[in-house]
A.B. asks: 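After the structure tokens below, expect a handful of questions from me.
This chain uses plain numbering: 1 for the first residue, then up along the sequence.
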Amino acid sequence: MKKRMAIMLIICIIIFGGIVGFYFFKQAMIKKFLSKFAPPPATVTTSQVATTTWKPYIEAIGSLKAKESIQIAPELAGKITHIYFKSGQYIEKGAPLVDLNTATQQAQLKADIAQLNLAKINHKRDAAVYKKRAISKSNLDSSFSKLEAQQAAVEGDKAMIAKMHLVAPFSGRLGIREVSLGQYIAPPPATGGNVVQLNSIDPILVQFNMPQQQLAQLHIGQKLRIMVDTYPNTIFTGVITATNGGVTETSRTILVEADVSNPDHKLVPGMFVNVHVLLPPEPNVIIVPQTAVVYSLYGNSVYVVGKDKKVTQTFITIGQTQDINIAVLKGLKPGDVVVTSGQLKLHNGSQIVVNNKLLPN
């Protein structure tokens, strides 16, 4: 009995060992077979690292403001007899806006002109009589004083009439009309006294804050570029015209103001803009296409192509971006070749095939 059990045990061990041995033999043969098949090389596009004269800038967020901005309002009360403008219209300096009723002032002017003519006649007669010593010098002086008073009254009437004719004090864009024909208006703070808003928008002002650490890099006349999301493909140019008298204590920033050319009147007050204050150019700055950079939490990197067409992941320090390029401060040298598309298929040591006819991913 014991002998039979021993034989059965030996047979089981032999069978189990054969199965295990066959499994490991199969795995070894499969591994040997697969080792003959390397993965196909990844197809990528590349670009050679170059140097250029870089134009650095300081970034800021700003807002647009009219160079001149007023509410057109009358100096005297009156009824509107004529409106010359339309809402949103661009007008030149001196263009008529509104006429107020001047009937009373015109009547007063006629009366004062009549009194002026009489004063001229009286003074002329007194001057002739004075030459004959028929009247005293004081009488002549009195008639001359009356003449001057009437001249002043006429000038005052004309000034009053002129104030009833409202014109644009400077060129600019009008806002929404706030009055109607026949409406009675009075100078502010009376309700309904404003006629229309007028903003000067060429040039237009941009105001932005800069940290105090960058104050030394700013100066009057420094050029800048303005970008606004309303016109994503348009760059507006300007120059710094003023800085505030001091740094704000709460934020440690200084307010900067610049004139921006706006001949097409695309920019309007209140717009939110991106500002690039241009700094002196820097020669021999290393640049690569932005598509070459792989961004990650562990650092930014590029894949550098070796002579054997294998890639090496290289970590770099990047600077500012301009157009399609990005400045590389550390990690690359001129002449290096970097992968610009197809990085998702790569790892250290990957074999590649370069096909620069392909479009970037």
A.B. asks: Inspect the surroundings of CG in L181 and state if more than 12 heavy atoms from other residues, nucleotides or ligands are less than 6.0 Å away.
C.D. replies: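 Count over threshold, so yes.
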
A.B. asks: Whether the S138 and S136 side chains hold a donor-acceptor pair (N or O, under 3.5 Å, no angle test) is what I'd like checked.
C.D. replies: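 Yes, a side-chain donor-acceptor pair sits under 3.5 Å.
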
A.B. asks: Do V196 and E178 have side-chain heavy atoms sitting under 4.5 Å apart?
C.D. replies: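 Answer no - side chains too far apart.
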
A.B. asks: Is any side-chain heavy atom of D157 less than 4.5 Å from a side-chain heavy atom of Q105?
C.D. replies: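 Heavy-atom side-chain distance check fails, nothing below 4.5 Å.
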
A.B. asks: Please check if atom CD in E75 has more than 12 non-hydrogen atoms from other residues, nucleotides or ligands closer than 6.0 Å.
C.D. replies: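 At most 12 heavy atoms, drawn from other residues, nucleotides or ligands, come within 6.0 Å of this atom.
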
A.B. asks: Could you report the tightest heavy-atom contact between L147 and A119, atom names first, then the distance?
C.D. replies: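 Looking at all heavy atoms of both residues, the shortest contact is CA-CB, 3.8 Å.
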
A.B. asks: Does M227, at its CE atom, have more than 12 non-hydrogen atoms belonging to other residues, nucleotides or ligands within less than 6.0 Å?
C.D. replies: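 Yes, because the 6.0 Å sphere around CE of M227 holds more than 12 heavy atoms from other groups.
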
A.B. asks: How far apart are the closest heavy atoms of L278 and Q222, and which atoms are they?
C.D. replies: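 Closest approach of L278 to Q222: O-NE2, 2.9 Å.
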
A.B. asks: Looking at every heavy atom in both N356 and T45, which two are closest together, and how far apart are they?
C.D. replies: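 Result for this residue pair: OD1-CA, 3.3 Å.
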
A.B. asks: R252 side chain to V247 main-chain N or O, any donor-acceptor pair under 3.5 Å?
C.D. replies: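 No, R252 side chain to V247 backbone: no donor-acceptor pair under 3.5 Å.
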
A.B. asks: Testing the basics here: between F85 and V98, what is the closest heavy-atom pair and its distance to 0.1 Å?
C.D. replies: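 It is CE2-CG2, 3.9 Å.
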
A.B. asks: So does N348 have more than 12 non-hydrogen atoms from other groups sitting under 6.0 Å from CG?
C.D. replies: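 It does: N348 CG has more than 12 such atoms within range.
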
A.B. asks: Using 30° and 60° as the class limits, which term best fits the ring planes of Y84 and H165: parallel, tilted or perpendicular?
C.D. replies: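 Answer is perpendicular, since the angle exceeds 60°.
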
A.B. asks: So do K146 and N122 actually touch side chain to side chain, heavy atoms under 4.5 Å?
C.D. replies: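 A side-chain contact is absent here, since even the closest heavy-atom pair is not under 4.5 Å.
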
A.B. asks: Are T291 and T340 linked by a side-chain donor-acceptor pair shorter than 3.5 Å?
C.D. replies: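 No, no side-chain donor-acceptor pair sits under 3.5 Å.
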
A.B. asks: Going hydrophobic residue to hydrophobic residue with side-chain gaps under 4.5 angstrom, can you get from L218 over to L279?
C.D. replies: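 The answer is yes; both residues are in one hydrophobic cluster.
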
A.B. asks: If you count every heavy atom of other residues, nucleotides or ligands that lies below 6.0 Å from Y295 atom OH, does the total exceed 12?
C.D. replies: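 Yes, the 6.0 Å shell around OH holds more than 12 heavy atoms from other groups.
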
A.B. asks: Relative to each other, are the rings of Y231 and F236 parallel, tilted or perpendicular (30° and 60° limits)?
C.D. replies: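 Rings of Y231 and F236: perpendicular, over 60°.
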
